[in-house]
Trainee: 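Here it is: the structure, laid out below.
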Amino acid sequence: MALGATIYRVHLNLADMDRDYYAEHTLRLARHPSETEERLMVRLLAFALHADERLEFTRGLCVDDEPELWLKDDSGAIELWIEVGLPDEKRLRKASGRAGQVVLYSYGGHAAQLWWKRQQTTLTRHDNLRVVEVPESSSTALADIAKRNMRLQVTIQDGHVWLDNGEQSLEIIPEVRYGA
């Protein structure tokens, strides 16, 4: 019998001063049985960094031709495609052809740095791609605060992210590897 997804409920109070976006989001995230809490929380961080009423979590790991998150316009065209992890170049090339903007959030410390060194030459050919690395200390700290029910206050200013769950506060400084 296959294992089912674990549902995480998140109440996200967001103050993004870089984009003048202030909102509360009530989210339900499905954690695939093969997904770590670290990856789940990086997905949540990606949502916070691009939050919009139209931004949606997709079926993610369950489907090959969908990103982790996407934002579509009224006609159904993909404006923003967000990936998480260390995908192959072919997947990012395909995404770049389908979406107006593609953002990849890599994590994993040394593995992410090696992946970037191997992929950098081919990935920098895509003008609509942005690669952002979440430092290992930040992604593991995010995993440490993961709970099935979370209330999070997220403040974003000058590219820095402050996340507070009422018991702990984290500062996360994502590093832009490529793109504006």
Trainee: Relative to the ring of Phe57, is the ring of Phe47 parallel (under 30°), tilted (30 to 60°) or perpendicular (over 60°)?
Mentor: parallel
Trainee: Of all the heavy-atom pairs spanning Asp16 and Ala48, show the shortest one and how long it is.
Mentor: OD2-O, 4.4 Å
Trainee: Does the side chain of Val132 come within less than 4.5 Å of Leu49's, by heavy atoms?
Mentor: no
Trainee: Would a single hydrophobic cluster contain both Leu114 and Tyr107, if residues Ile, Leu, Val, Met, Phe, Trp and Tyr are joined by side-chain heavy-atom contacts under 4.5 Å?
Mentor: no
Trainee: Testing Ile82, Leu45, Leu69 one by one against Tyr105 for a side-chain contact (heavy atoms from CB on, under 4.5 Å), which residue passes?
Mentor: Ile82
Trainee: Looking at Leu104 and Gly85, what are the two nearest heavy atoms and their distance?
Mentor: CD1-O, 3.5 Å
Trainee: Given side-chain contact (heavy atoms from CB on, under 4.5 Å), test Tyr21 with His50 step by step and report yes or no.
Mentor: CA-CA 10 Å; Tyr21 182 84; His50 298 274; over 6 Å; no
Trainee: Answer whether the closest heavy-atom distance between the side chains of Trp116 and Glu133 falls below 4.5 Å.
Mentor: no
Trainee: Got a salt bridge between Arg54 and Asp52, using NZ or NE/NH1/NH2 to carboxylate O under 4.0 Å?
Mentor: yes
Trainee: Would you indicate whether the side-chain heavy atoms of Leu170 and Ser138 approach each other to under 4.5 Å?
Mentor: no
Trainee: Taking the side chain as every heavy atom from C-beta outward, state whether Leu14 and Ile156 have any atom pair closer than 4.5 Å.
Mentor: yes
Trainee: Val176 versus Val131: any side-chain heavy-atom pair under 4.5 Å?
Mentor: no
Trainee: About how many Å separate CD1 of Ile172 and CE of Met41, when rounded to the nearest 0.5 Å?
Mentor: 8.0 Å
Trainee: With rounding to the nearest 0.5 angstrom, report the CD to CD1 distance, Gln101 to Ile78.
Mentor: 13.0 Å
Trainee: Report yes or no: does Asn13 contribute a side-chain atom to a donor-acceptor pair with the main-chain N or O of Gln153 at less than 3.5 Å?
Mentor: no
Trainee: Less than 4.5 Å apart, any side-chain heavy atom of Lys94 and any of Arg91?
Mentor: no
Trainee: Is the backbone N or O of Glu167 less than 3.5 Å from a side-chain atom of Asn165, with the two atoms forming a donor-acceptor pair by type?
Mentor: yes
Trainee: Please determine whether a side-chain nitrogen of the Lys or Arg among Arg31 and Glu35 lies less than 4.0 Å from a carboxylate oxygen of the Asp or Glu.
Mentor: no
Trainee: Any chance you could measure Met150, atom CE, to His11, atom NE2, to the nearest 0.5 Å?
Mentor: 12.5 Å
Trainee: Any ion pair linking Arg39 and Glu68 (charged N to carboxylate O, less than 4.0 Å)?
Mentor: yes
Trainee: Mind listing the closest non-hydrogen atom pair of Gly159 and Pro174 along with its distance?
Mentor: O-CD, 3.5 Å
Trainee: Please answer whether the main-chain N or O of Ala51 pairs with a side-chain N or O of Arg19 as donor and acceptor at a distance below 3.5 Å.
Mentor: yes
Trainee: Check whether any side-chain heavy atom of Leu142 lies under 4.5 Å from a side-chain heavy atom of Leu44, and answer yes or no.
Mentor: no
Trainee: Which atom pair, heavy atoms only, marks the closest approach of Glu66 to Trp81?
Mentor: C-CZ2, 4.0 Å
Trainee: Measuring from Asp144:CG to Gln168:CD, what's the distance to the nearest 0.5 Å?
Mentor: 7.5 Å
Trainee: Between His32 and Ser34 (side chain of the first, backbone of the second, donor and acceptor by atom type, cut-off under 3.5 Å), is there such a pair?
Mentor: yes
Trainee: State the OG1-CG distance between Thr124 and Leu129, to the nearest 0.5 angstrom.
Mentor: 9.0 Å
Trainee: Tell me if a side-chain donor or acceptor on Trp115 pairs with a main-chain N or O of Pro87 at a distance below 3.5 Å.
Mentor: yes
Trainee: Contact between Glu89 and His126 at the side-chain level, heavy atoms closer than 4.5 Å - yes or no?
Mentor: yes
Trainee: Can you tell me how far CE of Met17 sits from NE2 of His160, rounded to the nearest 0.5 angstrom?
Mentor: 12.5 Å
Trainee: For the pair Asp73 (side chain) and Glu79 (backbone), establish whether a donor and an acceptor sit closer than 3.5 Å, ignoring hydrogens and angles.
Mentor: no
